[in-house]
S.K.: 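Quick one: this structure, given as structure tokens, is what I'll be asking you about.
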Amino acid sequence: MTASVITFTSGKGGVGKTTTTANVAVALALLGKKVVCIDGDIGLRNLDLVLGLENRIVYDVVDVVEGRCRLRQAMIRDKRLPELYLIPAAQTRDKNALSPSDMVRLCDELRPEFDFICIDSPAGIERGFRNAIAPADQVVVVTNPEVSAVRDADRVVGLVEAEEKGPARLILNRVNPAMVKRNEMLSPEDVLELLAIDLLGIVPEDENVIISTNRGQPIALNGKTRAGEAFHNIARRLNGENVPLMKLDDRQDFFSKLARMMRSGGS
Amino acid sequence: MIMQRRQAVTIKGVRDGLLITLSEGSWEELRPALLQTMEERLGFLKGARVALDVGDHLVHAAELGALRDQFSEWGITLYAVISRSPVTEQNAQALGLATRLSTPRPERTIRPLESHLQGENAILVQRTVRSGFKVSHHGHIVILGDVNPGGEVLAGGNVLVWGKLKGSVHAGMDGNEQAVICALELDPTSVRIAGFPVTLPPRKGKSEPQMVRIEEGRAIVETWKSKK
């Protein structure tokens with residue numbers, strides 16, 4: 001087994017990197033893959049909260065790198081899923097506690113045992129970002145359909161290209177189809193035209209995401225929501241499957257709703 | 001007297017024959033001096049083609065005619081009269097005499113046909129210039145890709161974008177006001193040419209390839225249209 005290292009980054013904060021990382025990791029694990037998440041946001045750790053694993057942290061990634069524990073000891077296994085692990089970030093340190101080469105070494109050690117290594121990058125383009133993309137095989141840029149987020153995503157795509165980690169792929173998060181329809185929000189086409197990279201998936205705006213995040217129950221555990229379905233599709237695409245983009249049309253008649261429920265029930 | 005005469009009349013060889021030059025002085029004195037000198041040197045002058053430089057002197061057609069006749073009696077051909085006086089020149093022309101010494105034609109140099117065009121210093125950027133990235137060059141800049149908002153292009157010469165230009169661009173940054181900016185789609189955040197900020201008129205309708213330049217301090221935007 002040689003894991004593929006996927007880094008989720010965005011430049012701008014608050015677009016949903018951590019939520020996306022957690023949900024994609026959960027969806028990959030639900031596909032039967034062996035997955036480990038690494039929280040790269042040292043000093044502002046969140047991934048453990050979103051995954052609902054906060055109270056199980058004993059050691060963190062900095063402890064591993066600085067030799068206070070073995071790698072195994074820092075890996076928290078998610079009991080809801082067969083093979084999902086988290087390596088949490090340190091909360092009392094900052095980004096300089098790690099170097100890009102530490103991250104490369106850490107991932108090289110994990111690679112033989114996993115299918116996927118998902119790294120949650122911090123916001124910004126400084127040390128934390130560099131740490132997160134250094135070991136990456138694939139980079140996924142998460143953005144919202146807002147001009148500021150798209151601008152930052154463009155910068156990050158350029159930096160990823162400059163690091164020769166490209167081409168990055170895009171997840172467009174929190175798309176509100178009704179607003180797009182009213183021309184009040186950038187459409188996926190507008191964003192893709194500017195960024196000119198491959199689209200990995202579109203996640204519609206969904207209140208359930210906030211509820212599930214607050215509860216520490218990633219929405220991908222529940223495939224019956226729009227956002228959950230979107231994360232499952234993204235996971236399948238990362239796994240090499242060819243999954244068509246789901247229809248964003250908000251207006252659904254009874255039959256399409258039923259068909260979707262049956263489909264998501266099956267996956 | 002003889003010395004004076006010698007100085008008054010000089011004879012030298014030119015391309016088409018002999019040139020006899022008269023010095024300053026009154027025509028009344030020069031004319032007999034000329035004739036006397038020539039008569040003395042007939043042995044040398046016989047059969048020669050002669051051009052006569054009379055300087056500023058005004059010589060009437062009748063006098064020129066008489067001189068020519070006298071010369072031809074001695075077996076000397078007067079073929080040209082050179083003068084700075086336009087009247088004398090005109091008179092000489094009336095008599096069918098040349099008024100200029102033929103100057104050797106400059107050698108015509110045949111240059112090989114120039115089929116190589118001299119290029120100028122330019123760089124080619126084969127990628128999209130994304131937000132936060134900058135392309136800077138003192139020559140021209142050609143971009144095969146887009147310039148996204150937040151991207152910067154700084155050129156000493158022209159800027160050509162084969163794509164969408166949505167970032168900020170400065171052409172002719174070293175003070176070249178002739179610099180132009182062209183793009184397939186021109187929708188920049190900011191434009192400067194030779195340091196002057198350029199305000200583009202709001203775009204209406206479909207985007208077309210356009211070129212911006214400045215003329216007398218005003219921005220000119222030209223839309224490229226294919227000829228049908």
Side-chain angles (χ1 to χ4, degrees), chain A residues 7 9-15 121-130 132-133 139-172 183 185-199, chain B residues 123-137 141-155 159-171 181-192 197 199-200 202-210 212 223-224:
Chain A
T7 297
T9 186
S10 69
K12 189 178 176 296
V15 297
S121 157
I125 51 172
E126 294 83 23
R127 182 65 172 268
F129 166 77
R130 305 261 166 213
I133 65 163
V139 177
V140 175
V141 173
V142 182
T143 191
N144 291 350
E146 293 167 25
V147 282
S148 53
V150 173
R151 184 70 60 91
D152 291 0
D154 187 41
R155 176 106 167 94
V156 164
V157 170
L159 290 171
V160 170
E161 280 172 5
E163 294 279 332
E164 296 184 342
K165 294 288 184 183
R169 286 192 285 175
L170 183 71
I171 292 179
L172 192 54
N183 274 330
M185 184 180 262
L186 291 172
S187 72
E189 291 74 31
D190 295 335
V191 177
L192 284 172
E193 193 198 334
L194 183 88
L195 296 179
I197 56 174
D198 284 346
L199 182 65
Chain B
I123 58 162
L124 175 65
V125 179
Q126 293 192 79
R127 64 195 309 171
T128 288
V129 180
R130 295 186 182 271
S131 174
F133 288 82
K134 186 159 93 173
V135 181
S136 170
H137 178 58
I141 297 180
V142 181
I143 294 167
L144 222 53
D146 299 339
V147 179
N148 284 351
E152 270 181 74
V153 180
L154 306 170
V159 176
L160 274 85
V161 180
W162 188 263
K164 303 183 201 87
L165 174 47
K166 293 183 171 179
S168 76
V169 58
H170 190 173
I181 298 164
C182 322
L184 291 187
E185 193 177 320
L186 194 70
D187 191 15
T189 340
S190 82
V191 180
R192 277 178 297 162
T199 318
L200 298 180
R203 208 184 63 201
K204 38 189 184 285
K206 207 166 102 260
S207 63
E208 280 163 320
Q210 287 181 316
V212 196
T223 301
W224 185 85

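Proteins come first, then strands; the chains are lettered A, B, ... in the order of their sequence lines, and each starts at number 1. Just so it is clear, the model here is predicted, and its values are computed rather than measured.
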S.K.: Is it the backbone or the side chain of Leu159(A) that comes under 4.5 Å from a heavy atom of chain B, or both, or neither?
M.R.: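 Both parts, heavy atoms under 4.5 Å.
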
S.K.: Would you name the heavy atoms of Gly150(B) and Arg151(A) that are closest together and state the gap between them?
M.R.: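 Heavy atoms only, the tightest pair is N-NH1, 3.8 Å.
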
S.K.: If only atom types and distance count, is the side chain of Arg130(B) paired as donor or acceptor with the main-chain N or O of Leu195(A) below 3.5 Å?
M.R.: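 Yes, Arg130(B) side chain to Leu195(A) backbone: donor-acceptor pair under 3.5 Å.
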
S.K.: Please check if the side chain of Asp154(A) supplies one atom and the backbone of Asn148(B) the other of a donor-acceptor pair under 3.5 Å.
M.R.: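 Judged by distance alone, no pair lies under 3.5 Å.
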
S.K.: So which heavy atom on Phe133(B) is nearest to which on Ala162(A), and how close?
M.R.: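 In this case the closest contact between Phe133(B) and Ala162(A) is CE2-CB, 4.4 Å.
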
S.K.: Is there a side-chain contact between Leu194(A) and Pro149(B) (heavy atoms, below 4.5 Å)?
M.R.: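 Contact flag for Leu194(A)/Pro149(B) side chains = yes.
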
